[in-house]
Visitor: 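What follows is a single structure, and I will ask about it in a moment.
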Amino acid sequence: MKFKIDGLTLKKISRIFSNISYNNNYLVEMNGILFEITKNNIFIEAKNTYISLKYNLNNNIEILKEGIFLIKAKLLNEVISKLENNEIVIFNKIEDNLITIKSKNSYYEINLMNDKKYKKEKFISDQNYKELIINNLYFKKLIESVVFAGDERSNRKILQGINLKIDQNNIKLIASDNIRIAFNKQKINYQKDLINVIIPIKAIKEYLKLINDSQKIKLRFFENKLLIIDDNLLTQINLIEGVFPDLERAFLGENNQKLVIKKELMLTLLDRALPLVLNKESASTIVTLKIFDQILMIESNESETGTSKIETKDFTFEGGNEFVIYFNPRLLKEAINKLENPNITLDFNSPEQPFIMKDNTDENKFRCLILPFKI
């Protein structure tokens, strides 16, 4: 097996595959990247327990001899990171377990893994699927709008994923970690059969790292798998089986108190209230939001360091003269950062009940429900 390839193409391969293979003590072959060299193409494959990638490389290469090899991903990525973009690199398998990688000024000999133990992924070719064609960057934006609220380590398998529903020109995404719910509903061009799946958060986060252009992709939904076709790259994700809870109901009904404030102002208030907090990212960090005498105050109290109180009068509040609620500031900040509109709305019922953050227009259907602390 022998082929030539340029450094820039190698770096593209490294970017695609660097996060997929990992150190696995039980499934050793998942530590590797498989190269299958044919007469005109190089097929590159890697996988882990929840996502599989296959890339068809058919340009910027010169194939001198066909063959196959399995190389440890970490070692290959280390070598590629040292190469220049304009270098021509020669891969030459000189023994069953040894390959050389040579450029103008560099030479490496790397021990190979046993490719016979690698179980190649079966990428679905069945014609029985539901398909959505969508812009890659738009799809990324939709996923990122809710994935922050999910919990890939949840004790409930269902909540380790994002629920995606598509029907009648609407796409809905929802995720939850039991202390908040993020929901997004947008209009799209889709008039086919209902799609209702649960995509693992771990897998979709890996795919988001691969997106760097605005071309259209094909999402093909099978009974228990999602196949994403993006130019020469195939991504196959194992879907989570089961029924996602109907969390959309949490956003129905009316809230009797409404706070409207500029997005950047609220972020500033939260940031200025936290300098004395020792662990700002902790799940137990609490700030107090108080509304009284036409003043909005964000307060934090740390027994070891002291108290912060930050005020503003630049807001509107409907539904009463006074209000107090306690919550984790990180949860609200992460939700605010998903909004594009300069103003946000916080809908409250009572200090003990969840509150909803949303855009204060009807154009953006993004919502985030957050559980307060009861003190």
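Keep in mind that what you see is a predicted model, and the values were worked out from it rather than measured. Atom set for the values below is all heavy atoms of this structure, side chains included, hydrogens, waters and symmetry mates excluded.
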Visitor: How about Asn224 and Asn238: does a side-chain donor come under 3.5 Å of a side-chain acceptor?
Guide: no
Visitor: Pair Phe327, Phe373 - check ring-ring contact (aromatic ring centres under 6.0 Å, His included), show working.
Guide: CA-CA 5 Å; Phe327 60 90; Phe373 286 98; 8.8 Å; no
Visitor: Please list, chain by chain and in numerical order, all residues satisfying salt bridge (Lys or Arg N to Asp or Glu O under 4.0 Å) with Lys263, sequence neighbours excluded.
Guide: none
Visitor: Give the table of side-chain donor-acceptor pairs shorter than 3.5 Å for residues 282-290, with sequence neighbours excluded, one pair per line with atom names and distance.
Guide:
{"from": "Ser282", "atom 1": "OG", "to": "Ser284", "atom 2": "N", "distance (Å)": "3.1"}
{"from": "Ser282", "atom 1": "OG", "to": "Ser284", "atom 2": "OG", "distance (Å)": "2.9"}
{"from": "Thr285", "atom 1": "OG1", "to": "Asn279", "atom 2": "O", "distance (Å)": "2.7"}
{"from": "Thr285", "atom 1": "OG1", "to": "Ser282", "atom 2": "O", "distance (Å)": "3.4"}
{"from": "Lys290", "atom 1": "NZ", "to": "Glu299", "atom 2": "OE1", "distance (Å)": "3.2"}

Visitor: Sequence neighbours left out, what pairs pass salt bridge (charged side-chain N to carboxylate O under 4.0 Å, His left out) with at least one residue falling in residues 174-184?
Guide: Asp177-Arg180, Arg180-Glu334
Visitor: Which pairs of donor and acceptor atoms, one on a side chain in residues 147-161, lie under 3.5 Å apart (sequence neighbours left out)?
Guide:
{"from": "Asp151", "atom 1": "OD1", "to": "Arg153", "atom 2": "N", "distance (Å)": "3.0"}
{"from": "Asp151", "atom 1": "OD1", "to": "Ser154", "atom 2": "N", "distance (Å)": "3.4"}
{"from": "Glu152", "atom 1": "OE1", "to": "Lys205", "atom 2": "NZ", "distance (Å)": "3.3"}
{"from": "Ser154", "atom 1": "OG", "to": "Arg156", "atom 2": "N", "distance (Å)": "3.1"}
{"from": "Ser154", "atom 1": "OG", "to": "Arg156", "atom 2": "O", "distance (Å)": "3.4"}
{"from": "Gln160", "atom 1": "NE2", "to": "Ser154", "atom 2": "O", "distance (Å)": "2.8"}

Visitor: NZ of Lys130: more than 12 outside heavy atoms within 6.0 angstrom?
Guide: yes
Visitor: Suppose clustering is done on Ile, Leu, Val, Met, Phe, Trp and Tyr with side-chain heavy atoms closer than 4.5 Å. Which residues sit in the same group as Ile229?
Guide: Phe123, Ile124, Tyr129, Phe222, Leu227, Leu234
Visitor: Apart from Leu276 itself, what residues make up its hydrophobic cluster when side-chain heavy atoms of I, L, V, M, F, W and Y under 4.5 Å apart count as a link, directly or indirectly?
Guide: none
Visitor: Salt-bridged, Lys54 to Glu36, with N to O below 4.0 Å?
Guide: no
Visitor: Using the salt bridge (Lys or Arg N to Asp or Glu O under 4.0 Å) criterion, which residues pair with Lys209? Sequence neighbours excluded.
Guide: Glu206
Visitor: Could you name each residue pair satisfying salt bridge (charged side-chain N to carboxylate O under 4.0 Å, His left out) that touches residues 94-113, not counting sequence neighbours?
Guide: none
Visitor: Does CG in Asn212 sit with more than 12 non-hydrogen atoms of other residues, nucleotides or ligands closer than 6.0 Å?
Guide: yes
Visitor: Verify the distance criterion only: is there a donor paired with an acceptor across the side chains of Asn77 and Ser14 at less than 3.5 Å?
Guide: yes
Visitor: Just grab all the salt bridge (charged side-chain N to carboxylate O under 4.0 Å, His left out) pairs involving residues 308-329, residues at least two apart or on different chains.
Guide: none
Visitor: According to ring-ring contact (aromatic ring centres under 6.0 Å, His included), who are the partners of Tyr108, at least two apart in sequence or on a separate chain?
Guide: none
Visitor: Name all pairs fulfilling the salt bridge (charged side-chain N to carboxylate O under 4.0 Å, His left out) condition that reach into residues 75-84, sequence neighbours left out, sorted by first residue then second.
Guide: none
Visitor: Scan side-chain atoms only and decide if Asp293 and Asn321 contain a donor-acceptor pair under the 3.5 Å cut-off.
Guide: no
Visitor: Does Lys172 come within less than 4.0 Å of Glu248, counting only side-chain N to carboxylate O?
Guide: yes
Visitor: Among residues at least two apart in sequence or on other chains, which ones pass side chain to side chain donor-acceptor pair (under 3.5 Å) with Asn56?
Guide: Asn41
